[in-house]
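Per chain, numbering begins at 1; letters A, B, ... match sequence-line order.
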Amino acid sequence: KQEVTQIPAALSVPEGENLVLNCSFTDSAIYNLQWFRQDPGKGLTSLLLIQSSQREQTSGRLNASLDKSSGRSTLYIAASQPGDSATYLCAVRPLPNTGNQFYFGTGTSLTVIP
Amino acid sequence: DVKVTQSSRYLVKRTGEKVFLECVQDMDHENMFWYRQDPGLGLRLIYFSYDVKMKEKGDIPEGYSVSREKKERFSLILESASTNQTSMYLCASSLWQGGTEAFFGQGTRLTVV
């Protein structure tokens, strides 16, 4: 069964700092990897989707990379802002015939201090 | 703008009650999912459906059932609510094709007293 791990569980940084969140997964047979943001008490908002054939995706100040062979993805946030404070989750989708669900990490709780 | 809508943001129910959580998506997605989210345990899949009237058990189906009579609607049913079902419930949908992203609803915080 796919296991997804996110380290660290919590991170606190001063405003303006660049930061990297990590996601690792045990089975490289994935279709894609998706990064989400979750604000307290809310649902998940999709940030970036990386297909298994891609190495990275960018959206504004966010850049996600994928190294499928090593089972790792990183989410890079440039010039962090207090509004970036949230929990960030990664999820992997396995290849067909190995399951149709998304497997989630437990998230990294980010606090950006003004 | 794509949308997954859960019928309630907050619910308080009594032990033993039958509880219905409703989810509607407007994207013509084949797949729909119900997850629960608990501190320290992350998101765990309860059930998913890949077509009307089709369903498959996820990792924690005990105490739950589902219904999908129409493509856009996926209902989660707690047959007899218990306090250990107090949780955040999240509905999601996606296209059948594996390369597409999942979209989530705003979540339902259920408290069973």
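- Note that CD of A:Q101 and OG of B:S94 are 11.5 Å apart. Values are rounded to the nearest 0.5 Å.
- Contact of B:R44 with chain A is not made at all, since no heavy-atom distance falls under 4.5 Å.
- In this structure, B:F104 has its ring center under 6.0 Å from that of A:F104.
- Summarising the geometry, atom CD1 belonging to A:I50 is positioned 12.0 Å from atom CD belonging to B:E101; distances are rounded to the nearest 0.5 Å.
- Taking both residues in full, the closest heavy atoms of B:A102 and A:F36 are given as O-CE2, 3.8 Å, listed atom of the first, atom of the second, then distance.
- When the side chains of ILVMFWY residues are joined at heavy-atom separations under 4.5 Å, either directly or via intervening members, A:L75 and A:F25 end up in a single hydrophobic cluster.
- Looking only at side-chain heavy atoms (C-beta outward), A:T106 and B:L43 stay at 4.5 Å or farther from each other.
- Follow the hydrophobic side-chain contacts under 4.5 Å out from A:L19 and you reach A:L47 in the same cluster.
- Cluster annotation: B:I46 and B:F103 are assigned to distinct hydrophobic clusters (Ile/Leu/Val/Met/Phe/Trp/Tyr, side-chain heavy-atom contacts under 4.5 Å, transitive).
- The environment of B:K71 atom NZ is dense: over 12 non-hydrogen atoms of other residues, nucleotides or ligands sit within 6.0 angstrom.
- Contact annotation: the side chain of B:L90 approaches that of A:L44 to within less than 4.5 Å [non-hydrogen atoms, C-beta and beyond].
- Under the 4.5 Å side-chain heavy-atom criterion for grouping Ile, Leu, Val, Met, Phe, Trp and Tyr, B:L76 is connected to B:L110 within one hydrophobic cluster.
- Other residues, nucleotides and ligands contribute at most 12 non-hydrogen atoms within 6.0 Å of the CZ atom of A:R72.
- Formation of a donor-acceptor pair under 3.5 Å by the B:R9 side chain with backbone atoms of A:G41 is found in this model.
- Neither the backbone nor the side chain of A:I30 comes within less than 4.5 Å of any heavy atom of chain B.
- Residues B:Q37 and A:Q38 have side chains that bring a donor and an acceptor to within less than 3.5 angstrom of each other.
- In the hydrophobic clustering of ILVMFWY residues, with side-chain heavy atoms under 4.5 Å counting as a link, B:F74 and B:L95 come out apart.
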